[in-house]
Each structure stands twice: as structure tokens, then as C-alpha cells.
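Before any comments, here is the structure.
Quick note on labels: first sequence line is chain A, next is B, and so on, each numbered from 1. Computation of the quantities below employed the complete heavy-atom set of this structure, encompassing side-chain atoms and omitting hydrogens, waters and symmetry-equivalent molecules. What you see is a predicted model; the values in this text were computed from it and never measured.
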Amino acid sequence: MALVRVRYAPSPTGSLHVGNARTALFNWLFARRHGGRFVVRFEDTDTERAGEEAARAIIVALRWLGLTWDEGPEVGGPYGPYFQSMRLDLYRRYAERLLLQERAYECYCTPEELEARRRRAQAGRRPFRYEGTCRHLTDAERAACRRQGRRPALRLMVPDTGTVEVHDRIKGTVSFDNAVLDDFVIMKSDGWPTYNFACVVDDHEMRISHVIRAEEHLSNTPKQLHVYRALEAEPPEFAHLPMVLAPDRSKLSKRHGATAVEEYRQMGILPQALLNYLLLLGWSYDGTTEIISLEEASRIFDLDRVNRTNAVFDEDKLLWMNHQYIKTARLHRLARLVVPRLAEAGVLPDMITLGEFRRLRRILALIQERMHTLNEAPALIGYFFGDDVEYDPAAVARRLAGPEVPDILERAADNLAAAGDWKPDVVEQVIRDTAASLGVKAAQVIHPVRVAVTGVMVGPGLFDVLHLVGRERTIRRLRRAAARLRAGELVATVAAGPTDGPGSP
RNA sequence: GGCCCAAUAGUCUAGAGGCCUAGGACGCCGCCCUCUCAAGGCGGUAGCACGGGUUCGAAUCCCGUUUGGGCCA
């Protein structure tokens, strides 16, 4: 195979959509797999909507995902610039050549005239197709139009018989009747190229060998093939990816919730997890293997295992995938990821000491397998920090409501204060001894102590929790909770609160 | 409306004529483990859109219908 050169060519009209991220990923992987080059360029000829800000957002998102490009914005390359709006001269040169070679012609029909014809066709239940009105204008007629102040668009001459065949790596051979095509516009009267023209000129100029893009472009491909033909250029290979859809099988849009890579970043999704999830949307390795790193994927990915059916974006599975990556993340890395979110939640200061960082790592070891997204971190580990805890009313009602609870808590506090080394197994022994001396089951001590110290009913094993919460903090919270219970504070809160549990003994 | 693509459980997928009484995963349900919640282990739920062909034999090939998606308008 000749040098593989692929491109991701987004239109900068918003943030990076997850469907587009998958397209970028497949291109990136294909380039890696075949030792090729991955090019990024912005198709910003739709001046109304395209924006610099959007381009920036897309660049940031691609960087965050780790989909680096060999040529493109910010990195440059031999075929730049990589914004179509900066390549207008090029399109004009190509267009002029086609005009000279009489493969394209000037069209002076105004939008109003075309619209009228379109309506007439619709009324007659006929598909609208530009009939080549201006194909055979004489020089004099053209001059007359220009004198009226009309500016021409440029149309490509398309044969009206025969077929064009798209040889697609994924769809197979797809053929289109030329009869359904018309002499489409390649340069608009305002001097800007149309999508199908600029795209082909760029792919040709940039020596793109494989065009891997979403299926929505399949219907554009016959037109593009006509442009290649007119340019006497060799078309690249095409591969049209199935679409990524919303749960209701419509196009994934804002009303379905998060659609942008950036939103998933904010939700606490890891880039590796998002990439892995996206990889499985339309591609599979053996039908069984699911956890595949980018590195691994870049060795085994290929187009022949891309399927042809549209896929629904399933957030539940993404969350599961994220959990897989969080579970197995190295603690050091996880800690670094989580610090900003803890700071934001006010659990930790922005800057923490090395000692605190180390303690955080040990805390994370306890909860990493129950964390599905990074932003669950504050709720999961907030109680390891600070003086006081917030009590979940339901937890208080369920575990602290009994009349014997204050005694149990104080007894536990006393015994823990007198304990030897503050280690998990020592803590465990003390708690079990406390239960024994009180003549109750261990669970009757464990549950109230957990709620008194952490404020919630759920969490890792209690002895590990107490160990890392720390002796002083543990004892302080136990005594304080006992006192507040005696004063009727905590229970009163519950009685007045909306969540009144059964209040078990 | 015209053209194009597709069709395996709620979702992602394996399957390229007999290996399929259809495999894996998410979700959901149950059990085990257990100080709780997770995690983990075990088990379960649920599918070849429909109708015709071809063939000794079809999830797999062909045609049609239906449904979904895309492009153009």
C-alpha cells in the first residue's frame, strides 16, 4: 500500500461531538496501524456558522483525547494552511482551470429563479434538478448578464447518462445514476467554494489516500467523484462509517443530554474510557474482547472489522467502561485527577502537601472500585477530611435512632482512645471487643460508628475507614455524635426531615 | 418526494450455508460473599423485523414488504 494519509476534517460549528470523535479516532487508528499520517483540517467555508472559537474547542478536545495529528492546525505541515478559509486562492485556481477546460461553466441563474423552478418541480411532483440552463450561453449572453450586475456561480458539467460507482471499504460498491445528479455548483457567486469541491481539492492537494468519514457523506461521494474525474485526479479509497445515534435512534443532539466530548470530560469520564467505548461503536476485535487500550488498538485496528449498522450511544455502558478504567488506574494518577475536583468541592485546598497527597492515595485505594466517574470523588471521600461531617438523615434514622446508641458510641470512643497502634486490625479488635463487652453483635457497633464518623451508611470496610479518617477525628466525631444524640439534635433533625426511615432499634 | 445505506435481545456486538438448541458485553433480576455499599463469583431475563424464494440444509445467499438512518430538495 502506498503511504497512508488520512484526515479528519471537521466543520468548526460547535464542540467536538462524540460521533465526530469516533471518526477522528478511526482515522487516527488507521494511520497508526499502517504507519501513515493523520491530518486535521478545518472545513470552515460555511462562513455563517464556522467560528474560530469552535475550532479551538475541537482542538482542545482532540488533545484531551490524545488524538494527536501529524499535520494540521498548530503543528503545520507541507500542505497547509489547514483552514479552508485560508485556501480560497487554491480553489479559485482549480475552478479557473476547469472553466478553461470547459468542464465547468458559468451559471447566471439567480437564487430567486432557481427557487421558482424548484417550486414548480415540486408542484409537478418532479424531483428538482438543474437542467443546464446556462450550459450553452454565448459570450454575448454572458456579457449581458454581467451588465445586469449578475455574478456567476460555477457549475460542473455532469454527464446525464451512465453511473458512478463508489468503491467503499465498508459498504462495498455503491452505484449512483448520473441522471439523478445535476450540474452542481462548485464555486458560489460570492467566490467561495462549495463543500464538495473544496473537500476534493484539499484531499487531492493533501495527498489523502483514504477518506474515512461518517456515512452521511456517502451520498456526496458521487459528486466528489465527478470532481476528481474533471480534475483528472486519482480518487482516494473511501470508507463510510455507520452513524452514531441517540437512544431514540434519531440524530444525537443536545436534547438527548451530553453529546460533546467536553461534557463527558466535565462529568468525570476518563479519555481512555471514552476512546475505548467509542472504539467499540461500530468496530469489534473478536466479539469478546472489550477493554482495549489505544496502544493495543493502534496495532490491531483495521477497516475490515467495521460494521455497517448504525449504533446507539449508550451512556450506561460508557459509565461501566469508565469504571473499568478508574478501577485499574494507578493510585498516583487517580489522585492527580481527583485533586482539582476535590478542591472545587471545597473538600481540599487547591494546594496540598505531599503528606496529604500520600494520604489521599491511600484513601483512593479504598474507594476506587466504587467510583464510576471522577466527580463522585467529593461525595465518596469528603468525610475523610475536615472536622465535622454532614449527616444523611436517612442514615441517622436507620442507624443512630436507638436509645442505646449514644452509649455504644461513647464506649467505642473510649476504647479506641485507649487502643495501641492505630492500625486497621487493631481498630477491628477494639470494635469487636467493644461489642462483646456490651453483649451485642459486632454489627450493632459497626453500623452506628460508621454513620457517626462518616455521616453515611455506605462505604468501604469500617476498620480501614477509621484507620484513614484518623484516631483524633474518629474519636471527636463519635463523642460529638453521642452528645448531639443525647441532646436530641440529630434525631430531631430526622423527625422534622423529609426522610423518615423505619428507625430500626 | 427522489436517491443511497442498513436491519441478530432495551443497547453495543460475534456470526461471512451445516461448528448456532445463536456466543460475548452493558442494563435488569436472583443467589453467594459480607459490618453497609460497591467490587467479585455464580445463575437468570431477553434476539436472528416480516413474507417469499434458492438449497438436502439459511441468522448467513436472492427478491419484495416494513422499519430505521443518511443525502438532495
Side-chain angles (χ1 to χ4, degrees), chain A residues 114-115 117-119 121-130 163-164 166 168 170-182 184 195-196 213-224 240-252 276-291 304-324 326-328 366-372 376 379-380 395 398-399 428 431-432 435 441-451 454 456-466:
Chain A
L114 291 169
E115 184 54 35
R117 271 180 253 168
R118 183 170 303 140
R119 263 201 296 275
Q122 227 160 24
R125 293 253 175 86
R126 308 268 310 149
F128 174 73
R129 196 171 159 276
Y130 182 74
T163 59
V164 221
V166 180
D168 191 277
I170 294 164
K171 305 283 176 186
T173 296
V174 183
S175 88
F176 296 82
D177 274 338
N178 285 332
V180 304
L181 266 27
D182 60 4
F184 57 92
Y195 165 74
N196 285 317
R213 76 234 299 192
E215 191 186 318
E216 58 186 319
H217 293 292
L218 181 58
S219 304
N220 285 323
T221 312
K223 289 185 182 179
Q224 296 181 9
H240 287 93
L241 270 21
M243 304 287 293
V244 175
L245 306 175
D248 63 1
R249 299 218 150 258
S250 68
K251 213 166 180 174
L252 192 56
N276 195 156
Y277 175 70
L278 256 16
L279 175 66
L280 263 20
L281 235 40
W283 180 84
S284 64
Y285 176 54
D286 55 11
T288 302
T289 312
E290 304 219 84
I291 305 297
D304 48 18
R305 287 194 66 88
V306 174
N307 71 19
R308 285 142 305 162
T309 65
N310 293 167
V312 169
F313 191 88
D314 180 11
E315 214 170 275
D316 277 341
K317 185 141 184 183
L318 205 213
L319 253 25
W320 170 82
M321 185 67 80
N322 203 48
H323 181 224
Q324 301 303 308
I326 287 179
K327 244 171 48 181
T328 53
L366 258 37
I367 56 91
Q368 78 170 329
E369 70 181 18
R370 59 203 80 205
M371 183 159 67
H372 287 77
E376 288 169 3
L380 248 23
R398 177 122 168 73
R399 302 298 192 192
E428 171 162 13
I431 294 289
R432 291 197 188 278
K441 283 198 251 178
Q444 283 179 271
V445 176
I446 288 170
H447 293 310
V449 167
R450 176 190 295 284
V451 175
T454 72
V456 291
M457 282 189 280
V458 302
L462 181 70
F463 315 121
D464 292 320
V465 168
L466 296 187

Just name whichever nucleotide pairs with [N], Watson-Crick or G-U, keeping both distances under 3.5 Å, else none.
N	answer
B:G10	B:C26
B:A59	none
B:C19	none
B:A49	B:U65
B:U36	none

Could you list all N or O pairs between the protein and nucleotides 60-65 of chain B that sit under 3.5 Å apart?
none

**5' priority, RNA chain B, between A:Lys171 and A:Trp283 [closest heavy atom]** = A:Lys171
**Item:** First of A:Lys223 and A:Ile170 reached from the 5' end of RNA chain B, by closest nucleotide
**Value:** A:Ile170
**Request:** Determine, for nucleotides 41-50 of chain B in 5'-to-3' order, which nucleotides have protein heavy atoms under 4.0 Å from the base (write B), from only the sugar-phosphate (write S), or from neither (write -).
**Result:** ----------
**Fill in**
Quick tally for nucleotides 19-26 of chain B: nucleotides whose base has a protein heavy atom under 4.0 Å get B, sugar-phosphate-only ones S, the rest -, giving ----BBBS
Rounded to the Å, how far apart are [X] [atom1] and [N] [atom2]?
X	N	atom1	atom2	answer
A:Leu380	B:A39	CG	P	12 Å
A:Tyr277	B:G27	OH	P	12 Å
A:Asp182	B:C71	CG	C1'	13 Å

Interatomic distance at [atom1], [N] relative to [M], whole Å:
N	M	atom1	value
B:A6	B:C42	C1'	38 Å
B:A9	B:G2	P	29 Å
B:U45	B:G68	C1'	26 Å
B:C61	B:G15	C1'	15 Å
B:U55	B:A14	C1'	25 Å
B:A7	B:C19	C1'	25 Å

**Message:** I'd like to check the ring pair (Phe, Tyr, Trp, His ring centres under 6.0 Å) partners of A:Tyr195; sequence neighbours left out, ordered by chain and number.
**Reply:** A:His217
**Complete:** Contacts of A:Ala311 meeting side-chain contact (heavy atoms from CB on, under 4.5 Å) (sequence neighbours excluded), chain-then-number -> A:Leu281
**Item:** Contacts of A:Ala443 that satisfy side-chain contact (heavy atoms from CB on, under 4.5 Å) - sequence neighbours left out
**Value:** A:His447
**Asked** If you check every side-chain atom of A:Ile446, which of B:U13, B:C35, B:C4 has the closest atom?
**Response** B:C35
**Request:** Mark yes or no for whether A:His323, through its side chain, and A:Glu369, through its backbone, hold a donor-acceptor pair below 3.5 Å.
**Result:** yes
**Message:** Below the 4.0 Å mark, does B:G40 have OP1 or OP2 next to a side-chain nitrogen or oxygen of A:Lys327?
**Reply:** yes
**Prompt:** Does a sphere of radius 6.0 Å around CZ in A:Phe184 hold more than 12 heavy atoms from other residues, nucleotides or ligands, not counting ones at 6.0 Å or beyond?
**Reply:** yes
**Asked** Is it the case that more than 12 heavy atoms not belonging to A:Lys441 sit under 6.0 Å from its NZ atom?
**Response** no
**Request:** Answer yes or no: side-chain N or O of A:Arg370 and base N or O of B:C37 forming a donor-acceptor pair under 3.5 Å.
**Result:** yes
[X]: which residues meet the side chain to side chain donor-acceptor pair (under 3.5 Å) condition with it, sequence neighbours left out?
X	answer
A:Asn178	A:His226
A:Thr289	A:Asp286
A:Asn322	none
A:Asp464	none

Filtered N/O pairs between nucleotides 67-70 of chain B and protein, under 3.5 Å:
residue: B:G69; atom: OP1; partner: A:Arg249; partner atom: O; Å: 3.4
residue: B:G69; atom: O2'; partner: A:Asn310; partner atom: OD1; Å: 3.2
residue: B:G70; atom: O2'; partner: A:Glu216; partner atom: O; Å: 3.3
residue: B:G70; atom: N2; partner: A:Ser219; partner atom: OG; Å: 3.2

**Asked** If you look only at pairs with a residue in residues 306-316 of chain A, which of them pass as a side-chain hydrogen bond (donor to acceptor under 3.5 Å, both in side chains), with sequence neighbours excluded?
**Response** A:Tyr264-A:Glu315
**Message:** Using the rule side-chain contact (heavy atoms from CB on, under 4.5 Å), only one of A:Thr221, A:Val166, A:Thr163 pairs with A:Phe176; which is it?
**Reply:** A:Val166
**Message:** Quick test of your reading of the model: are A:Arg370 and A:Glu376 salt-bridged, counting only N-O distances below 4.0 Å?
**Reply:** no
**Prompt:** How long is the span from the CG atom in A:Asn276 to the CD1 atom in A:Ile291, to the nearest 0.5 Å?
**Reply:** 5.0 Å
